[in-house]
Amino acid sequence: MLTFVIFLPLAGAAAVVLLPKEREPWSKWIAALVAAIALALVVFLFIDYDRDAGGFQFIERATWLRSDNSDFKLHYAVGLDGLSLPLLLLTSFLGLVAILISWRIDLRPREYYAWLLVLETSLLGVFSSLDFILFFLFWEIELVPMYFLISVWGSGNRIYSAWKYVLYTFFGSAFMLVGILTLGFTAGTFDIRELGQIGAIHDAIIPAWAIFSLIIIAFLIKLPIVPFHTWLPDAHTDAPTAVSVILAGVLLKMGGYGILRMSFSIMPDVAKDASVYLASIAALSILYGAMMTIIQKDLKRLIAYSSVSHMGYVLLGASAIGTVGLTGASMQMLTHGLITGMLFVLVGMVYDRAHTRNIDELSGLAHRMPFITTMMVVAGLASLGLPALAGFVSEVTVFLGTFERHEFLTTMGVVGIAFAAGYILWTIQRVFWGEADPKWAELTDATAWWERGPLLAMTAAILAIGIYPAWMMDLFEKGVGPIAERLG
Amino acid sequence: MPDIREGFVWAIMLLPLGSFAVISLLALLGLTRPPRGGGAPVWNARFSGHLTIMAVFAAFLLALWSLETVIANDNARVGFGAHEWVTVGLLHVDIGITLDGLSAIMLVVVTGVSLLVQFYSQEYMRGDEGYNRYYAFMSLFTASMLGLVLASSVLQLFVFWELVGLCSYLLIGFWFHRDAARRAATKAFLVTRFGDLGFLIAILLIWSQTGTLSIAGIQEVALTGAVSSGVITWFALGVFAGAAGKSAQFPLHVWLPDAMEGPTPVSALIHAATMVAAGVYLVARFFPVFASSEEAITTVAAIGSITAIIAALLGIVATDMKRVMAYSTISQLGYMMMGLGVGGLVSAIFHLFTHAFFKSLLFLGAGSVNHATGTFDMRRMGGLRKYMPVTFATVLVASLALVGVFPFAGFWSKDEIMADAWDDRKWVFFVALAGVFLTGLYVGRMLILTFGGEYRGGEATEHGERHGEPHESPPVMLLPLLLLAVMAALAGFANINDDFSHLLEGSVPERAHALLTEGHFRLWIAFASVAAGLSGLAVAWAVYGLKVVQPESVRNFAQPLPEILENKYYLDALYEDVIVKRGLLGGAAILLSLWDRYVIDGTVNGVARVAGWTSAQLRLAQAGQAQLYATVVFLGVVGAIAGILVVNPP
């Protein structure tokens, strides 16, 4: 079942590509149908997951490569626990959103939708893998669709940005691969569950902290943290809207997920020692990202930098080394995915209509776009951490979890939310409020079902988590509980 | 009457919330707009007003029932269980209801004033394009404010604390097309959020130290001394930072005058009677904590005193009628903080209670004046007592209550604050007395400029209609004015038998009673405060009415004070131009972006370029010479072995 879910989008991609040229208009319908089925199946898994039992469920396992001379084996193993299941839900949800909001793509649509579906498979794979090598494979496969999506369907300096994105990730992956191999051969297994049981690592060829650093650097680049963040604004700005949504909504979470799943649960001792350093770079990212956000002129760059700041909270929560902080960190991944995904959808809609993202040129859009404005205010308020919306829940949980261990650094993180209020409200004030500008008199509001549907669904999710977070939070707690236990 | 059940108490908050939900859903479904073919929309806008009024009226009745229940229970707290909201590890966040004298009084004030304001708004907002939106936000505000009052955990309180701030933001920016309104909205949110950082950090601190988020639990901890006094002081100061932001205390008061860009009924409800008083409520709610820390309670008294005086001074030079009242509100909130700062929980909340009536009346009166003249600029008013007798009479009652003239409401509550101050900290008493004189001065000036003399013009109204001769407002607006005038005249008698005091004392834990100051009524204090107020009025009458001296010559004589006041102590300039524009946006952020582009990204691109250049050079080495390859392989193996030996010596 889980395997079927993971590879369903890939099959859909094949179907879309094989469509004859004259059937091209079908491609979006097939893609949407496949993504919708994948979402429905993940929702089924979400409901079916036995929360009382916890742990990994829906496990599927096969030996994939074996050597006759030694006991070296590679396994295909997937399964879900409380940490990966919500992220899988987020992936399949945003996967469908990405296809719907691309309804008007007319440049080589078959390839476009196919790449989006391939991307979805790789992301579902990353969050489901129970084998470190398999994880790494999915992690790398994701680069291929991303490269093509940015460089073909992007805008601006798209070739440069696509390369930058790929090379930066490769740079991190190279370290990670060395770390994985060292770790795996020392422990004699690549199975994540078994690696989680081995405790301290003493007899590796390099010290444990070096393995930890090698692996975590790839995750930190992906998150991203300052100073490894400059690929993000470039990639976001030049990527098509749907790809920005997936990039901010899901891809960055691979970094956070990796930190919790791999770095922390496999090497808890090192993680504990590194906690204060991680908290420091988290606070730095939060404030640095926030300061950079305030002065951006391009709406997409603005949201990209705000992501740098907001993903800092994930790392901050992780550095708490306790159940509350880790739950907050994982909640923050989910809520940031929804909120920032929604912000990118909205900015994309504004750009499609006004053909500019320059804040100085835009003003008074509320007169022409009441619906988009309303949605923008909701997403913006969620992003600045307004209670009753999703962002507040995760940020406050992060703060509560971290304050005891890192009083000063958490306080710096709290200061970050004042900046968030500043850049969000100032942007809304300039772009949407104000006198109606005759220059924008021809703009139309979002009226199509494929525009309103995803936005309303995202709003509902943001409200549902914000008002009664327990339904999501309990699951995350189940997921990070064993990790927190190992951390002591 | 039976005791109120928990479900009904929740309903006080949920009724207006439901009204918000219904109006917003209808708007989202497009039922509030005219259909495509033209004609009337399915949902008549006036229904939004009716729905809100009904919801708030029902909430008002339930609030009275709650108050009755508390009184029937000997003023003690009515216990309701807590409900689990979220539990993660050691973090238990429960939600529940605090129903005691303090919250019951607040419930009655909030629902009562809200009801009258919603009623008044039907006429005031008639024909406005955003009529539905207005009532949706007003419903949400009322619900959030009630939620704030009822909260039993500090995190629950914080949630509603932020939500009232959101409603304030949305309603200040209600006419979002106006530049001043959109700026004022952003400013209000940011300044109050700045204070809220302190509040949030205080919550983090207290949870990390005590593991509890319940308000009763925190009071308990403070009173038993279970945590160090440093923690208590920092917690109290953090909470006070939040309170100072919301209640517009110096130096975070700058947002409130600008907030007058919102519709006037909004100012009456949110920025006079309820939300801005939330800071006072918050300090009162945590009174046992504040009173346990000498540093914290002194800070409250000092900030309150500074605020009361500097805002009153600003009220003297403002030319906009609503801004005079905004400064007056800031100043009166300062009085409430002073009351808390001298241990006068009862007197502070009593003043909050009376102030809610006479100040919302003043604002609604200002709205009535604007309806007639189309302006808030007092230089263009004058002589309105002839055209608007009812408005004039009610505003006069409210003004006398504000100055504290016997026997109007403000007299009683202000007198109690001063009596408490005399018993606790004498310097606060003298500040308060000076403040009363200044209050008389700006109130007198406002009354004379608006209602005295001859009519001087007017302008288009807030909605853009133009009027000729000023006229009295319609009954829908006058009825709330009259009801509030009755309260402004009589509310002071609520504590004539100390009923109000007993009600509030019941909401403070037994152990904290010793911390309360019980100022005794002294006739000379009553005389002194009335005399100070009347002499303020007299000076205003002499200068602006009789023109014994020309206002201009007073102005010239007092230089540079008037100029400093007209520039609002240069605080706005300091915050906006120096700190935000020059320091943050123009300075730090620009430097950082240069650093980001040239150093950080420059390094990345530099590495790429070096790699490109190196590979171009290395390509030359791949010339097919086996000897060269062998040498490189050999060196590599040696290097690798050496490396392993260094790291792992045999």
Side-chain angles (χ1 to χ4, degrees), chain A residues 164 167-168 205-207 226-227 229-231 234 288 291-292 294-295 322-324 327-328 364 366-367 374 377 381 384-388 392-393 396-397 399-401 403-404 407 410-411 414-415 417-418 421-422 425-426 428-429 432-436 456 468-470 473-474 476-477 481 484, chain B residues 27-28 84-91 93 144 155 158-163 165-166 169-170 173 176-179 181-183 185-186 189-190 193-194 196-197 200-201 203-205 207-209 213 580 584-585 588-590 592-593 596-597 599-601 603-605 607-608 611 644 647-648:
Chain A
K164 193 169 180 175
L167 287 179
Y168 232 127
I205 189 165
I206 51 174
V226 174
H229 64 282
T230 54
W231 62 269
D234 285 335
Y288 187 109
M291 285 280 273
M292 288 297 296
I294 289 185
I295 48 162
T323 312
V324 181
T327 308
H367 297 272
T374 308
V377 171
L381 292 172
L384 64 80
L386 188 86
F392 171 76
V393 176
V396 143
T397 315
F399 295 147
L400 284 169
F403 191 77
E404 203 171 351
E407 276 188 13
T410 308
T411 305
V414 175
V415 171
I417 65 170
L425 295 184
W426 196 36
I428 291 177
Q429 176 194 319
F432 292 97
W433 304 156
E435 291 291 346
L456 291 175
Y468 188 66
M473 214 98 130
D474 289 351
F476 271 129
E477 192 198 359
Chain B
L28 268 183
E84 181 182 309
W85 184 57
V86 83
T87 300
V88 179
L90 294 174
L91 173 67
V93 185
S144 311
L155 199 61
F158 185 77
V159 166
F160 291 107
W161 182 265
E162 293 287 292
L163 287 180
L166 162 74
Y169 164 78
L170 293 171
F176 58 81
H177 53 89
R178 292 191 193 161
D179 191 50
R182 62 174 176 170
R183 282 172 196 279
T186 307
F189 196 98
L190 293 184
R193 179 158 262 223
F194 195 74
D196 292 348
L197 293 184
L200 185 54
I201 292 168
I203 295 175
L204 301 178
L205 176 70
W207 186 71
S208 73
Q209 295 290 326
L213 288 169
V580 173
L584 194 63
L585 296 177
I590 294 287
L592 193 69
S593 75
D596 198 64
R597 178 179 305 172
V599 180
I600 300 219
D601 210 27
T603 311
V604 174
N605 288 329
V607 168
I644 292 171
V647 178
N648 275 3

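A, B, ... follow the sequence lines: proteins, then strands. Residue 1 opens every chain. Note: hydrogens, waters and symmetry copies are ignored here, and every other heavy atom, side chains too, is used.
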Can you measure from CG (B/Leu592) to CE (A/Met291) and round to the nearest 0.5 angstrom?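 Interatomic distance, B/Leu592 CG to A/Met291 CE, rounded to 0.5 Å: 5.5 Å.
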So, taking the atom named CZ in B/Phe189 and the one named CG in A/Leu425, what distance separates them when rounded to the nearest 0.5 Å?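 Going from CZ on B/Phe189 over to CG on A/Leu425, the span is 5.5 Å.
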Donor-acceptor pair, side chain of A/His367 and main chain of A/Trp433, under 3.5 angstrom: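 Not at all, since once roles are kept as given, no pair shorter than 3.5 Å links the two residues.
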Tell me if a side-chain donor or acceptor on B/Arg182 pairs with a main-chain N or O of B/Phe176 at a distance below 3.5 Å.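 Side chain of B/Arg182 to backbone of B/Phe176, a donor-acceptor pair under 3.5 Å: no, none is there.
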Quick one: which of [options] has the most heavy-atom pairs under 4.5 Å with chain A, could you say?
| options | answer |
| --- | --- |
| B/Val599, B/Leu155, B/Leu166 | B/Leu166 |
| B/Asp196, B/Leu90, B/Leu205 | B/Leu205 |
| B/Leu28, B/Ile590, B/Thr603 | B/Leu28 |
| B/Arg183, B/Arg193, B/Glu162, B/Glu84 | B/Arg193 |
| B/Leu585, B/Leu204, B/Val159 | B/Leu204 |
| B/Ile203, B/Val93, B/Leu200 | B/Leu200 |

With a 4.5 angstrom heavy-atom cut-off, which part of [X] approaches chain B: side chain, backbone, both or neither?
| X | result |
| --- | --- |
| A/Leu400 | both |
| A/Thr410 | side chain |
| A/Ile428 | side chain |
| A/Ile417 | both |

Quick one: closest heavy-atom pair of A/Gly322 and A/Ala484, and the distance?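 It is C-CB, 4.1 Å.
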Can you name the nearest heavy-atom pair linking A/Ala418 to B/Leu190, along with the distance?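 Scanning both residues completely, I find the closest heavy atoms to be O-CD2, 4.4 Å.
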Side chains of B/Leu213 and B/Leu91: does their closest heavy-atom pair fall under 4.5 Å?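 In contact.
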Using a cut-off of under 4.5 Å on heavy-atom pairs, state which of [options] scores highest against chain B.
| options | result |
| --- | --- |
| A/Tyr468, A/Phe432, A/Trp426, A/Tyr288 | A/Tyr288 |
| A/Thr411, A/Ile294, A/Leu386 | A/Leu386 |
| A/Ala470, A/Ala388, A/Gly385 | A/Ala470 |
| A/Gln429, A/Met292, A/Glu404 | A/Gln429 |
| A/Thr397, A/Thr374, A/Val324 | A/Val324 |

May I ask you to decide if the ring planes of A/Tyr168 and A/Trp231 are parallel, tilted or perpendicular, using 30° and 60° as cut-offs?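 A/Tyr168 and A/Trp231: tilted rings.
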Name the orientation class of the two ring planes belonging to A/Phe392 and B/Phe158 (parallel below 30°, tilted from 30 to 60°, perpendicular beyond 60°).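 A/Phe392 and B/Phe158: parallel rings.
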Set of residues satisfying salt bridge (charged side-chain N to carboxylate O under 4.0 Å, His left out) with respect to A/Glu477, sequence neighbours excluded: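 For A/Glu477, no residue satisfies salt bridge (charged side-chain N to carboxylate O under 4.0 Å, His left out) once neighbours in sequence are set aside.
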Which residues share a salt bridge (charged side-chain N to carboxylate O under 4.0 Å, His left out) with B/Asp601, sequence neighbours left out: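 Scan of B/Asp601 (salt bridge (charged side-chain N to carboxylate O under 4.0 Å, His left out), adjacent residues dropped) gives A/Lys164.
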Name the region of B/Trp85, side chain, backbone, both or neither, that has any atom closer than 4.5 Å to a heavy atom of chain A.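 Both backbone and side chain.
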By a 4.5 Å heavy-atom criterion (distance strictly below it), what part of B/Ala27 contacts chain A: side chain, backbone, both, or neither?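 For B/Ala27, neither part sits under 4.5 Å from chain A.
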